[in-house]
Every structure is written in structure tokens, then in C-alpha cells.
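Heavy atoms only: backbone and side chains are in, while hydrogens, waters and symmetry mates are out.
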Amino acid sequence: MNNPKKETTRFHKINTKLFCKQKPLLKIISFFDQTFFSKESLCENLCVLVVIGIGLVVLVCIGVLDFAGAIQIPYTASDTTAPLSLIITEIYPDTATKGELDEYVAITNPCVHPVNIEGWSITDTEGKIIFPPFSVAPGETVYVTRNASAFAEQISTVTSKNIIPDFEYGTDSNPDVNQLQTEGRAFLLSNSGDEVILQDKSGREVDVVIYGDSGYEAEGWQGEPLRKPREGMIFKRKGIQDTNQCEDWLLLPFGASYHAPEKFSFSGEVTAFVSPDCSFSVLQEEINNASSSLFINLYQFENPYLMDVVLDALNRGVTVCLLLEGSPVAGIKDEGLYIAGEIKERGGEVRFSDDPFINHAKYAVIDDETLIVMTENWKNTGTPRNNSFGNRGWGIVIRNEEVASYFKAVFIEDFYRCKVFSADTEYLETKVMSREIPEGVYVPVFEPRTTNCNFTVIPVLAPDTALSNETALGAINNAKESVLVQQFSSGRFWDEEDNTFIAALIEAARRGCEVKVMLDSRYLEGGNNNDEVVSWLNEVASEANLSLEAKLADLDSLGLVKIHNKGLIVDGEKVLISSLNWNANSIYNREAGVIVENEEIASFYTDVFFHDWNVSVNVEQEGGGEGRSREGRTPAKMRIVYVALTLIVSFVIFRMVKWYKRV
């Protein structure tokens, strides 16, 4: 009988020769063979493994290693989200016209081959419309509407585009448009909630979308329905993303396009600045340098001295287009109407947004090569002529043609969907504008910082991408070390749901990030406001022993009118500058911002943040209140000590075992 032990050894050596013909690899395997499988070292190495295991357990227990928090899976669009056939890409149930004849559904072919939809149908389980012979080309989108003439007229009125739908299913309003066969009751999209089901000729569900109070259940849809539509807003799919969930969809104004997340990496020049310290001087200099075009999108424009700078640009022959919000809180002030009138009279083009949700953006594109993004309106508080007075806000100048081109495209689309300003019809009480320069007690600290090096810039737009894991929300979700937030307006809840951004901050703290949140303290009336957010975050931090602190700004000590910022700093290397407040409506507004990835730029805003934070914290402590102690969390230095001690103890145990064997 063969010796089993010898057979095992022989088998091991044969495999070594077969698979390790190269000498370096043979040496490596020989080393492991002698080290781990020899009789002399097997017991010793088992002890080592046990000691290492004990050490790892200790490290996990004291919080040095956090396997759960270390595993982060960033969102990337994968092939699994790509559809295999036609998909529904737009639904317009609650239109802004009488009788809602321009109601429509759009379907798109994302495949590389044409699809014949003869006999296919769209149904809401009550009515059905059936397609005639028709081939949808790759990449083509077809529009199906109740009334082709009403649809074309509304599209032309809002966007100035001449789009004729492919099919109509109500009145035969255009003989050149295919009329669909109907079956059952009339196919009408309910404003309160409904389902839109695309079926092939065999009746199989190809795509399903449900919204509002629809209770329809099918394999083609997962989770909650889309929210109830708002008049004049369209459900639009994010590109061809198809996971059969709400996350695939946006609610956009009629005629608006979806702007997908993009990333721009370049070597160039960027200037960081803040208000009230230097915002006016930076804007003045950049606009004075404009030579060909100036596209400005603002919620409010009331600063007469910035008006002068824009009028000077017009006098130099610069093309000026100004887009303003038509229904700001408390209405358009006389200062805003006066400035709009002056710019229009000098040859500029002015329009006012009248979308269902507000135009809250604050950016400008200069000469198709420079972008200015701010958290502030062009008012005396946001861009003060005298920098001893004003709000805390952040701004940035990005000199890059690709980034400027991206924002110009967004501006042009938004601009031509909006109402033309007419100085003759707009009500203006007086044609005299005050030029008083307010003064305050703020002591300017920060000069603009211009950096010339490598940058990565990611545009952030609401409603398009604000909640994308590739932009603002994703920056928090992927934070590894720290998150600093300074915000004008937030709430613990969005309607009946948790605030998505606040929930992300708490999760970041649970992963081990240091999180600090500073909110404005000027407007605290009512519930679900900044003070409730601060209390909630500190309560969660205390209960869960998190490195999470929230504060209300001490405006008197800072000398500021208010914290109007909407800023975010992640891991000391990413900065968000945007117009996006963290309240329930903001994610549906037109908001604009950028994430800039650059450590030097991040350090500038970090200095500004901690200036404001430390003043507020110090005053609070001097007044007898104490900030939340961080003693409950293991400090970084102590963690290093724990690691060192664990390694020393492990080594000592190992040497003792080895000594014991020899004895």
C-alpha cells in the first residue's frame, strides 16, 4: 500500500513542476512551501494567524478599521440599466392649456436596429391606442399626442421650435399626421395619477410608467410611483436610464431638455472669491473685460452699480442677454424692473422666467470662455459696493471654453422658453433708482485667490442632476474623511420624507467622516427650519456618538446680514458653489452650480468656512453654552496609539510562542 503522506508530497511537487516552469515563480512557491507547509513552521504560523486575527478584532472594536464604512460603491451607469427595446421617455399629463389637447407621450428607440411597431399599443388600462405600420429608427423619438395642431402650437410658442408630432389619437387636426386606432374608452392621462403602458403586438408589456395616485402593479415598475404632476411640467426620463424606478425620471418645465452630468478636466485659471469681501470687485473686473457677449441668469438683479458695469459693456458693443425670475418672493421690486428697462433700452435683450418652479440660478457666461457662478444675487446684500455690509456667499470664476459652452447651452435653452420683457407693459412706480450704499460692521478678511493648475469641474443643475450620485449628493455619499456645509435654508423634512441631503450627511458621519454644518440664523420662524435641523443633527450625533456638529451662525459677531451661502466642501479637495438651497422645492427649481476638484481652491473656502465657524462657536462658548464635546469619539492621534499598541502586543505574543516551542 502506498504511503498517503508521500503521495501528497509527490503530488505537490508534480504540480509545482507543471505550473511553475519560470524560475522566479518557482522560487516564490518554494518559499511558501518551506514557510507554511513544513512540519517545523506549521504550528508557528497558525499561531501567527491567530494573533493577527485577534489584532484585527481589536482594531475593529476600537474603531480604527471600519469595514462597513470602508466599502463604498459609487454609482456608475452600467449595461444593466440600458434598455433592450423601446422605452417611454416623456409624459405630459397636466398641461397648461385649456382642454389639455397638447397632452402627449414620447417613446424612443435606444437600440442599434429599427423597430417595427405595427400593432403595438399604449394603454392606461382603460383606453388603448394602436399603432399602424411604422418603423422607429435607432435613436429616434416619436411623439404621440391628443391633438397634433395644439401640440405643435404649444411647442412653437414656448420653445420657438417647429416640431410636428408623429401620431395623434383624438381629433384629426392635421391630415399629415398619422391617426391612431382607439380601443375601449378614450385614452386620457389623469392629472391625479395614471399608468402608461407600452405593449408589443402580442400584448406583452414592453415598458411601464406609473405616477401620482395610481395603484397599478406590474413587473415593469418597481417601488413608489412618480410624484403627482404639476401643471405645465413634464415627466422626462434621464437619457435612456431604465431601472423601472422613480430614479429614472425628472419633472421638467414644458419644452426643457435634460442636461446629463458631465465632467471637465483641464489645466487653466480659476479665481475663488467670497461675499461681502470681494464679490463686487471681481464681478466688476470680469464684466469690464467682456468684449463680445454677456449672458446673465439671475434670480434678482437690484444693484445699480453692477447695472452701470453692464451698461458700459453694452456701450462697448457687447451683446447682453439677461434672464430674471418673473415671480420672486414678494414680487419684482422697482429696482429690478428699472435695471431690466435700462438694459433693454440700451440694446440688451431681457426675459423673465415664468416656469411653474422658479428660476433661482446665479451665473454669467462671458465671451463664450469664462463662467462666473455664485451663491448670491446681484443685490446690495449679495454683491455690495461697500464690503463692510452684506451676506456671506461664495463665488468662482472659471476660465475654460468647454465649461462656459456647457452653461451657455443651458442658458440659451432656458432664455428662449421665457417671456420677453416689455418696459411698456411692466408696472413701475418710479423711474428713479436709489444709489445709497449701505454700510455695516463686517471686517473684510478674504482677497480673491487665483490659481493656475489642473482642475476638474462638474456642472450641477436642478432639476436635472442635483440629486445625482455624480454631482452634489454623490459628493456627500462618497466622502471619506470630512464634509463641511454652510447653507442658507434647509429643513429636516421634504414634505413627508426626510431631507435627502441631511440624511446623506448623517450617513457620512456614520461612515466615520467628520461633519460640520453651519446654517443661517436670520429666518427661523415656523417649524421644519434651520434651527430644527441643527437640533436634530446634534441629537443624532449625541445618541450615535458621531463626529457630527451643527451650528447656527452668530450673525452679530460675524457682522453679516445673513448666511446666504449654499456651499459644500468634501475631503478638503472638492467644493460645491451653487444656488441650491436644501429645501423641498429647490430640487425642482432651475438651480446652477459647479463642483470644483482642486485642493488649493478647496483650502480657500475651508479657510472661509472655519473663520465663520470659529467666530460662532467661540461666541457660543463665551456665552455659557458649550458645543457638543467630541470626547466620545476616538481622536485620530489615539487611534494611531491603539494601532501601535496592538502591533506591539501581537509581536510580543508571537515571540513568546516561538520561545515556548524552543523550550
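Side-chain contact between Met518 and Phe609: present, with at least one pair of heavy atoms (C-beta onward) separated by less than 4.5 Å. Annotation: side chain of Glu597 is in contact with side chain of Ile458 (closest heavy-atom distance under 4.5 Å). Two residues are said to be in side-chain contact when any heavy atoms from C-beta on lie closer than 4.5 Å; Leu461 and Arg590 meet this criterion. The shortest distance between side-chain heavy atoms of Ser586 and Glu591 falls below 4.5 Å. Taking the side chain as every heavy atom from C-beta outward, Leu568 and Ile476 approach each other to under 4.5 Å. Counting heavy atoms from C-beta on, the side chains of Leu519 and Phe488 never come closer than 4.5 Å. When side chains are defined from C-beta on, Trp494 counts as touching Thr500, because their heavy atoms get closer than 4.5 Å.
Taking the ring centre of Tyr588 as origin, the terminal cationic atom of Arg227 falls inside the region bounded by 6.0 Å and 45° from the ring axis. For Arg230 and Phe357, the positive end sits near the middle of the six-membered ring, less than 6.0 Å away and at most 45° from its axis. Taking the centre and axis of the six-membered ring of Tyr305, the NZ or CZ atom of Arg435 falls inside the cone set by 45° and 6.0 Å.
The minimum heavy-atom distance between Ile234 and Pro253, with the atom names listed, is CD1-O, 4.4 Å. Nearest heavy-atom pair across Leu251 and Met233 is O-CE, 3.5 Å. The two atoms that bring Phe446 and Val608 nearest to each other are CZ-CA, 3.6 Å, heavy atoms only. Nearest heavy atom pair, residue Thr456 against residue Lys263, reads CG2-CG, 3.4 Å. For the pair Gly390 and Pro384, the tightest heavy-atom approach, listed with the atom from each and the gap, is CA-CG, 4.4 Å. The minimum heavy-atom distance linking Ala508 with Val515 is given by the pair CB-CG2, 4.3 Å.
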>> Between Arg417 and Asp414, does the salt bridge (charged side-chain N to carboxylate O under 4.0 Å, His left out) criterion hold? Intermediate values first, please.
In response: CA-CA 5 Å; Arg417 285 190 301 103; Asp414 288 348; 3.0 Å; yes

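Looking at Gln487, Lys562, His564 one by one, the single match for side-chain contact (heavy atoms from CB on, under 4.5 Å) with Asp520 turns out to be Lys562. When Phe352, Phe301, Tyr338 are each tested for a ring pair (Phe, Tyr, Trp, His ring centres under 6.0 Å) with Phe421, only one passes: Phe352.
Taking the six-membered ring for Trp, Phe389 and Tyr442 have ring centres at least 6.0 Å apart.
Residues satisfying the ring pair (Phe, Tyr, Trp, His ring centres under 6.0 Å) criterion with Phe604, sequence neighbours excluded, are absent altogether.
Taking the six-membered ring where the residue is Trp, Phe411 and Phe295 present tilted rings, their angle falling between 30° and 60°.
Looking only at distances, a side-chain donor or acceptor of Asn289 sits under 3.5 Å from a matching main-chain atom of Glu285. A donor-acceptor pair under 3.5 Å is formed between the side chain of Ser275 and the backbone N or O of Gly382.
The distance from the OG atom of Ser579 to the OH atom of Tyr299 is 11.0 Å, given to the nearest 0.5 Å.
Atom CD of Glu447 has 12 or fewer heavy atoms from other residues, nucleotides or ligands within 6.0 Å.
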